[in-house]
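Protein chains get the first letters and strands the later ones, always in sequence-line order, with residue 1 at the start of each. Any value given below was found using the heavy atoms of this structure, including those in side chains, with hydrogens, waters and symmetry copies removed. Keep in mind it's a predicted model, so treat the numbers as computed, not measured.
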Amino acid sequence: MTKEAILDLQGLSKSYDDSIAVDNIDLSILPGEFLTFLGPSGSGKTTTLNLIAGFVEPTAGSMLLNGAPLEKMPAHERNLGVVFQHYALFPHMTVTDNVAYPLKQRKFTAAKRAEAVRDVLKMVRLEKYASRYPAQLSGGQQQRVALARAIVYRPPILLMDEPLGALDKKLREWLQMELRRIHRELGSTFIYVTHDQEEALTLSDRIAVFNEGRIEQIGTGKELYDEPNTLFVGKFIGESSVFEGSMTDGRFHAGGKEYWGSGTVRDGPAALLVRPEKLSISDEAGSTLPEDLTNWVIGEIEDIVFVGSGMKYTVNTAIGGAVAHVPAERAVDTHIGDHVRVAWHPQDAKLLPA
Amino acid sequence: MNSEVRPGTKVVLGIITAFIAVWLIAPMFIVFPLSFTDDASFQFPPRAWSTRWYESFFTNPQWTDALRNSAIIGTLVAIIAATLGTITALAINRSKSRLSGTVQAIMLTPLIIPPIIAGAGIYTFFLKTDLVGTIFGFVLVHVTLALPLVVIAVNASLSGYDRSLELAAASLGAGRLTTFVTVTVPLILPGILAGVVFAFVTSFDEVIVAQFMVSPALQTLPMMMYTSVTRTTDPTIAAAAALVLGAVLLAFGLYQFVVVPLTRRSRGRTSV
């Protein structure tokens with residue numbers, strides 16, 4: 001990329017007595033982007049965020065904010081915004097006082113504070129709640145106050161640690177839309193931590209997939225979905241069927257049959273990853289399938305679920321579980337327990353080391 | 001499980017509770033009518049009423065000096081013990097050292113050691129250092145006695161205190177001292193104020209260790225009362241007792257009906 005990074009993490013590591021939380025991370029964050037750290041719990045995504053915020057000291061590595069070293073600077077001098085999972089609003093202060101708190105630290109005059117608070121509360125649509133205490137607000141309202149408090153001083157980067165994690169689904173989806181709008185309006189850089197891949201895909205310009213303290217892959221949601229570099233990324237982003245086998249002499253075999261897929265993998269254990277919408281379902285003979293579907297496997301239907309736009313089949317095969325999403329017009333008349341042929345085009349399969 | 005109490009049971013429980021409450025409190029409150037007696041004895045109920053024992057109290061320099069001394073000592077003890085106790089509780093609460101448990105246990109020993117033993121020990125030490133009969137000596141001893149109560153009170157308020165608020169304050173640009181003053185102290189203030197009340201009351205009615213500490217030049221109010229009640233039947237002591245009880249009740253009343261409701265108004269989280 002040609003754009004200059006706003007934040008550069010170089011060889012960043014954090015280890016505790018008996019474990020490594022963050023393992024040698026290199027990452028360039030671009031100005032104005034919405035970047036999500038996605039990964040299971042314990043993958044190091046929150047620790048990385050805390051390292052950037054200054055709540056945790058790195059064991060090794062460096063961080064450069066607009067080219068200036070950050071790692072020695074105390075948290076309260078970094079001028080970054082942080083939104084916490086459990087809001088962390090000051091319970092003894094009203095909404096206005098909470099939002100004005102960072103402005104007071106920055107010695108804004110009373111008039112400027114009042115104006116800035118009014119503007120930001122309008123942005124998060126909480127003008128009417130200015131004189132309430134946090135305990136008098138719902139979870140979603142509290143998180144919007146926390147967001148207002150973290151953006152009112154226009155920090156160059158806003159860090160968010162699973163901010164919607166404590167809210168119910170409907171509220172979460174609405175707040176995701178609000179976050180996208182606020183990100184567009186502010187134009188500043190957002191770094192967002194979540195374990196929810198759907199949320200990551202909804203919000204992010206780019207996603208960094210974390211696993212065991214490392215970044216497995218970084219890219220747009222589409223890149224990660226279409227071209228996963230590792231089996232972990234393939235399984236974590238979206239649904240997929242994984243057929244396990246091994247590479248010998250550059251050929252992939254599973255269950256005694258040869259399959260083809262894109263990607264090159266060294267000899268050894270390997271897997272074929274296929275997305276649900278790329279799979280077709282037919283009777284055992286494959287009589288309803290086009291003849292060029294040369295990659296197929298026989299399995300038993302475990303479950304059939306109607307998902308509105310089509311049917312979702314879960315099929316047990318000898319080489320692994322398959323999930324097929326078949327549009328309504330191509331759905332076949334089958335039942336749970338039936339043996340079926342699951343087939344796909346070789347170019348739709350991704351060959352990955354297992 | 002059915003936690004409903006039957007109406008009959010409720011009445012019986014109410015009667016028993018009221019009886020125990022009266023049993024416990026009535027003997028204390030008898031000093032109020034007694035202090036307004038016109039007799040020179042502890043006759044109860046009084047045959048005639050007057051304020052002569054209050055006059056006697058406030059015109060006798062021995063009583064007023066003792067009251068002044070106790071007030072000065074109690075106030076100093078409340079301030080010093082609350083400050084030290086708050087710092088101690090914070091240190092114990094935040095220390096990751098394995099020693100913090102031991103430190104806490106040591107902090108609480110003044111509660112366990114019988115005051116008469118502590119008094120004897122302190123007396124021999126204070127004789128050598130000329131601290132007997134000084135305000136400074138009294139404050140020193142009473143701070144020791146009051147410290148564990150402050151530590152307990154502040155510790156209790158720290159248990160409901162969310163430390164991520166400090167991270168939030170830091171991220172918003174507040175340094176450690178600012179965070180302590182604007183976030184930590186306001187939120188544990190109920191505990192600190194409870195500690196102030198406990199410390200003041202502990203000092204203000206302390207009579208056992210004080211026995212070793214008083215000198216003709218420096219009397220405290222509880223010591224004057226103790227001497228008075230053992231040597232004379234002068235109802236001035238009833239007036240003194242009523243004043244002490246009034247002060248103590250005022251302190252607890254302020255805490256219970258002013259401090260607690262004030263903090264409850266802004267806190268009390270919604271269910272998460």
Interface moiety of A/Ala53 toward chain B, non-hydrogen atoms closer than 4.5 Å:
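For A/Ala53, there is no contact with chain B at all, as no heavy atom is under 4.5 Å.
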Heavy-atom count check: over 12 atoms from other residues, nucleotides or ligands less than 6.0 Å from [X] [atom1]?
| X | atom1 | answer |
| --- | --- | --- |
| B/Leu245 | CG | yes |
| A/Glu57 | CD | no |
| B/Arg176 | CZ | no |
| B/Phe198 | CZ | no |

For the atom pair CG (B/Leu172) and CD (A/Gln105), what is the distance rounded to the nearest 0.5 Å?
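Atom-to-atom, B/Leu172:CG and A/Gln105:CD are 8.0 Å apart.
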To the nearest 0.5 angstrom, please state how far the NE2 atom of A/His86 sits from the OG atom of B/Ser164.
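The NE2 atom of A/His86 sits 8.5 Å away from the OG atom of B/Ser164.
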Side-chain donor/acceptor of A/Arg78 to backbone N/O of B/Ala170, under 3.5 Å
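Here the side-chain-to-backbone pair does not exist.
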Check whether any side-chain N or O of A/His92 sits under 3.5 Å from a backbone N or O of B/Thr182 as a donor-acceptor pair, and report yes or no.
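The answer is yes, because a donor-acceptor pair under 3.5 Å joins these two groups.
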Do B/Leu187 and A/Pro91 have side chains that get closer than 4.5 Å, going by heavy atoms?
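In short, these two side chains touch, coming nearer than 4.5 Å.
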Search all heavy atoms of [X] against all heavy atoms of [Y] and return the closest pair with its distance.
| X | Y | value |
| --- | --- | --- |
| B/Val183 | A/Tyr101 | CG2-OH, 3.8 Å |
| A/Phe90 | B/Leu165 | CE2-O, 3.5 Å |
| B/Ser171 | A/Phe55 | CB-CZ, 3.9 Å |

Using a cut-off of under 4.5 Å for heavy-atom pairs, which of A/Lys104, A/Arg106, A/Glu77 has the most such pairs with chain B?
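Going by pairs under 4.5 Å, I would pick A/Arg106.
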Quick one: of A/Ala88, A/Pro74, A/Ala75, who has the most non-hydrogen atom pairs under 4.5 Å with chain B?
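Heavy-atom pair counts peak at A/Ala88.
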